[in-house]
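Okay, structure first, notes after.
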Amino acid sequence: MEPETIKALISHTHEVILAHAEELTDLDQAIGDGDHGINMKRGFEAIAAAVDAISELPGGKALEKAGMTLVMSVGGASGPLYGSLLMSMGKAMPEEPGSVGDFATAFQAGVEAVMKRGKSEGGEKTMLEVLLPVAALLSSADTFDADALRAAADAGLASTRDMKATKGRASFLGDRSIGHLDPGARSSTLLIHAVCDVVESCDAIGGK
Ligand code: ADP
Ligand code: MG
């Protein structure tokens, strides 16, 4: 992957997280401890600060370094979870990724690492409600369809509203978690939109 593409991914994800930090915190205020926006902001600020070192690495190593940066800079559950996603994705990424299939395999490995780390699965009102359908869609696609990926993320996020949380802090609320969107599912949706926007604009994965 070109350093310019990695730089664009870092700056756009950072920008989007900054622009939505308050919204993420508000969502976490309703069913958690109100720090999700702060956690995400801190993590993506740390990645943005390391942009030069990260962007000179090959794609897989860049993802691993970005993931380590999240783990080291974020205290909440989301740091290690997103960190695992990026680190495992990076490890599974071939040196010269060319096809959508290469990215699909890597993303799938990342999502599996989140499940392992979080001891969680779909249907528990977490970021996995977004990550799992996106991974499934990527795996079944032979072209990068940004609109379909954004729509899958949006639908996954919307599905969290009526779910009862059984993992993370929101699970302490039991039935009172029902009726609210999951903050981590919202941040995952924001990140997937941001990545789709960059990939679309630079045709990094040979999209349609
Ligand atoms: P904390 O819960 O430590 O305050 P954050 O507020 O930053 O951390 O992140 C909360 C989000 O993390 C939740 O909205 C949920 O999407 C996600 N999450 C929490 N626990 C798990 C888990 N075990 N598996 C998957 N995702 C989880
Ligand atoms: Mg929180």
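Remember, it's 1-based here, ligands and their atoms both numbered in the order they're listed. Please read all numbers here as calculations on a predicted model, not as lab measurements.
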Ligand 1 to [X] polar contact by distance, N or O atoms, under 3.5 Å:
X      : value
Val114 : no
Lys125 : no
Ala77  : yes
Lys167 : no
Gly184 : yes

Identify the protein heavy atom lying closest to [atom], giving its residue, its atom name and the separation to 0.1 Å.
atom                    : value
atom 12 (O) of ligand 1 : Met127 CE, 4.0 Å
atom 23 (N) of ligand 1 : Gly118 O, 2.9 Å
atom 7 (O) of ligand 1  : Ser78 OG, 2.6 Å
atom 14 (O) of ligand 1 : Asp182 OD1, 2.6 Å
atom 1 (P) of ligand 1  : Arg169 NE, 3.5 Å
atom 10 (C) of ligand 1 : His36 ND1, 4.1 Å
atom 20 (N) of ligand 1 : Gly168 CA, 3.5 Å

Closer than 3.5 angstrom, by distance alone: can the side chain of [X] be matched with the main-chain N or O of [Y] as a donor-acceptor pair?
X      : Y      : value
Thr25  : Gly37  : yes
Thr189 : Ala185 : yes
Lys91  : Gly60  : no
Lys164 : Lys125 : no
Tyr82  : Met40  : no
Ser140 : Leu137 : yes
Glu129 : Gly123 : yes

Candidates Gly37, Ser120, Ala185; heavy atom nearest atom 25 (C) of ligand 1 found on Ser120
Here the vertex angle at the Mg ion (ligand 2) for OD2 of Asp28 and OD1 of Asp33, given to 10°, is 90°
For Asp35, the N, O or S atom at the shortest distance from the Mg ion (ligand 2) is OD1
Per-atom contacts, ligand 1 versus [X] - under 4.0 Å to a heavy atom:
X     : answer
Asp35 : 4 (O), 5 (P), 6 (O)
Asp33 : 4 (O)
Asp28 : 6 (O)
Gly76 : 3 (O), 8 (O)

Under 4.0 Å between heavy atoms, the region of Leu81 that gets near ligand 1 turns out to be side chain
With heavy atoms and a 4.0 Å threshold, my read on which part of Asn39 contacts ligand 1 is side chain
Do [X] and [Y] come close enough that some side-chain heavy atom pair is under 4.5 Å?
X      : Y      : answer
Leu131 : Ile192 : yes
Asp142 : Val100 : no
Ile31  : Pro183 : yes

Here the gap from Ser78 atom OG to His36 atom NE2, rounded to the nearest 0.5 Å, amounts to 5.0 Å
d(Met163 CE, Ser177 OG) to nearest 0.5 Å is 10.5 Å
- Message: If the contact criterion is a heavy-atom separation under 4.0 Å, does Gly32 count as touching ligand 1?
- Response: no
Next item on the list: Carefully, step by step, assess Glu200 and Arg150 under the rule salt bridge (Lys or Arg N to Asp or Glu O under 4.0 Å).
Entry: CA-CA 12 Å; Glu200 235 176 9; Arg150 283 187 282 246; 2.9 Å; yes
